Q: 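First the structure, which I've put down as C-alpha cells, then a few questions once you've had a look.
The structure presented is a predicted model; accordingly, all values stated were derived computationally and were not measured. What's counted below: heavy atoms across the whole structure, side chains too, no hydrogens, waters or symmetry copies.
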Amino acid sequence: MKVLVLTGPESSGKSWLAAELQGHFGGVRVDEYVRWFIEQNPRDTCLGDITEIARGQLQWEDEARSPQPRLLILDTHLLSNILWSQTLFGDCPEWLEPALLARHYDLHLLLSPEHVDWTDDGQRCQPELSERLVFFQATHTWLEQHRQPFQILRGSWENRRVQAIEAVSRLLAS
C-alpha cells in the first residue's frame with residue numbers, strides 16, 4: 001500500500017486533485033473530516049473541537065487503511081489540524097504531533113497557493129495570498145524538519161494535475 005497525502009493551504013486544489021488522482025489511478029480517497037464536522041456543527045469552531053476533529057480524521061484514515069488498498073489518497077492529515085489549530089487559536093493539543101509522526105506516509109504533495117484563485121466556499125478564511133503563503137511555508141518547514149517525503153506542486157490547475165500524476169506514477173512504480 002502506498003499512502004499519498006495532499007497538503008497545503010486552503011483553496012490550493014487538494015480536494016479537487018485528490019478526486020482527479022482517484023479517477024486516474026483508482027485507490028481509496030479519504031476526505032477532510034473537518035468539512036463534515038463543520039457541516040454538522042454550524043457554529044464557530046473552537047480549540048476544544050480540535051481533538052474531536054483530529055480523532056475523526058484518524059478514524060477515517062484508519063478505516064481506509066484497513067483493507068490495504070494499493071493506493072490510499074488522503075485529502076489531508078493531522079498536519080493540517082496542527083497548523084490550523086496554531087493559526088486560529090495559537091495553541092494545539094500536545095498529542096497531535098506524536099500521533100502524526102507515528103504514522104507512515106509515502107509521499108506528500110504540497111500545493112502552493114500561488115497562480116490559482118482563492119474560492120470562498122463558506123468554510124475558508126484566508127482570502128489573502130499572503131496568509132496562505134504563511135500557511136504554505138509552515139507546512140513546508142514542518143515537512144522538511146521531520147524529513148517527510150514531499151514534492152511541491154505549482155502552476156495552473158492543469159500543471160498541478162500533470163505534476164501529481166507523474167509523482168504518483170513514480171510512487172506506484174517504486
Q: Hey, are the side chains of Ile73 and Val28 touching, using non-hydrogen atoms and a 4.5 Å cut-off?
A: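 In short, these two side chains do not touch, never coming nearer than 4.5 Å.
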
Q: Go through the steps for Gln145 and Thr141 under the test side-chain hydrogen bond (donor to acceptor under 3.5 Å, both in side chains), then give the verdict.
A: CA-CA 6 Å; Gln145 285 177 343; Thr141 298; 5.9 Å; no

Q: How long is the straight-line distance from CD of Glu20 back to OG of Ser15, given to the nearest 0.5 Å?
A: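 If we round to the nearest 0.5 Å, Ser15:OG and Glu20:CD are 12.0 Å apart.
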
Q: Can you confirm whether the side chains of Glu114 and Ser112 place a donor and an acceptor under 3.5 Å from each other?
A: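 On atom types as modelled, these side chains qualify, holding a pair under 3.5 Å.
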
Q: Are Trp157 and Leu129 grouped together when hydrophobic residues (ILVMFWY) are joined by side-chain heavy atoms under 4.5 angstrom apart?
A: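 Per the 4.5 Å side-chain linkage, Trp157 and Leu129 are not co-clustered.
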
Q: Under 4.5 Å between side-chain heavy atoms, counting indirect links through other Ile/Leu/Val/Met/Phe/Trp/Tyr residues: same cluster for Leu6 and Tyr105 or not?
A: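 Per the 4.5 Å side-chain linkage, Leu6 and Tyr105 are not co-clustered.
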
Q: Going from CG on Asp106 to CG on Leu72, what distance comes out if it is rounded to the nearest 0.5 angstrom?
A: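 Those atoms lie 9.5 Å apart.
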
Q: To the nearest 0.5 Å, what is the distance between CG on Leu153 and CG on Leu111?
A: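 Rounded to the nearest 0.5 Å, the CG-CG separation comes out at 5.0 Å.
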
Q: Atom OG1 of Thr45 and atom CG of Leu88: how far apart are they, to the nearest 0.5 Å?
A: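 The CG atom of Leu88 is 8.0 Å from OG1 of Thr45, to the nearest 0.5 Å.
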
Q: To the nearest 0.5 angstrom, please state how far the CG atom of Leu110 sits from the NZ atom of Lys14.
A: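 Reported to 0.5 Å precision, the distance equals 9.5 Å.
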
Q: Is Leu109 reachable from Val30 through a run of I, L, V, M, F, W or Y residues, each pair having side-chain heavy atoms under 4.5 Å apart?
A: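 Hydrophobic grouping puts Val30 apart from Leu109.
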
Q: Could you check whether atom CD of Glu94 has more than 12 heavy atoms from other residues, nucleotides or ligands sitting under 6.0 Å from it?
A: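 12 or below, so no.
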
Q: Does Arg55 make a cation-pi contact with Trp95 (under 6.0 Å, within 45 degrees of the axis)?
A: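 The answer is yes; both the distance and angle limits are met.
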
Q: Backbone N or O of Ile82 within a donor-acceptor pair of the Ser85 side chain at under 3.5 Å?
A: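 No; judged by distance alone, with no hydrogens or angles, the pair does not exist.
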
Q: Distance-only, no hydrogens or angles: does the Glu32 side chain make a donor-acceptor pair with backbone N or O of His77 under 3.5 Å?
A: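 Judged by distance alone, no pair lies under 3.5 Å.
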
Q: Say whether, by atom type as modelled, one donor and one acceptor occur between the side chain of Glu61 and the main chain of Gln57 under 3.5 angstrom.
A: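 Side chain of Glu61 to backbone of Gln57: no pair is present.
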
Q: For the backbone of Gly155 and the side chain of Arg160, can you confirm whether one donor and one acceptor N or O come within less than 3.5 Å of each other?
A: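 Checked: pair present.
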
Q: Centre-to-centre under 6.0 Å for Trp84 and Phe135, is that the case here?
A: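 Yes, the ring of Trp84 comes within the 6.0 Å limit of the ring of Phe135, centre to centre.
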
Q: Between Leu133 and Pro113, which heavy-atom pair has the shortest distance, and what is it?
A: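 Smallest interatomic distance, heavy atoms only, reads CD2-CG, 3.7 Å.
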
Q: How long is the span from the NE2 atom in His104 to the CE atom in Met1, to the nearest 0.5 Å?
A: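 Between His104 NE2 and Met1 CE, I get 8.5 Å after rounding to 0.5 Å.
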
Q: Between Tyr33 and Leu96, is there shared hydrophobic-cluster membership here, with clusters defined by ILVMFWY side-chain heavy atoms closer than 4.5 Å?
A: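 Yes: a chain of side-chain contacts under 4.5 Å links Tyr33 to Leu96.
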
Q: Using a 3.5 Å distance criterion without hydrogens, assess whether the side chain of Asn41 forms a donor-acceptor pair with backbone atoms of Ile38.
A: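 Not at all, since once roles are kept as given, no pair shorter than 3.5 Å links the two residues.
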
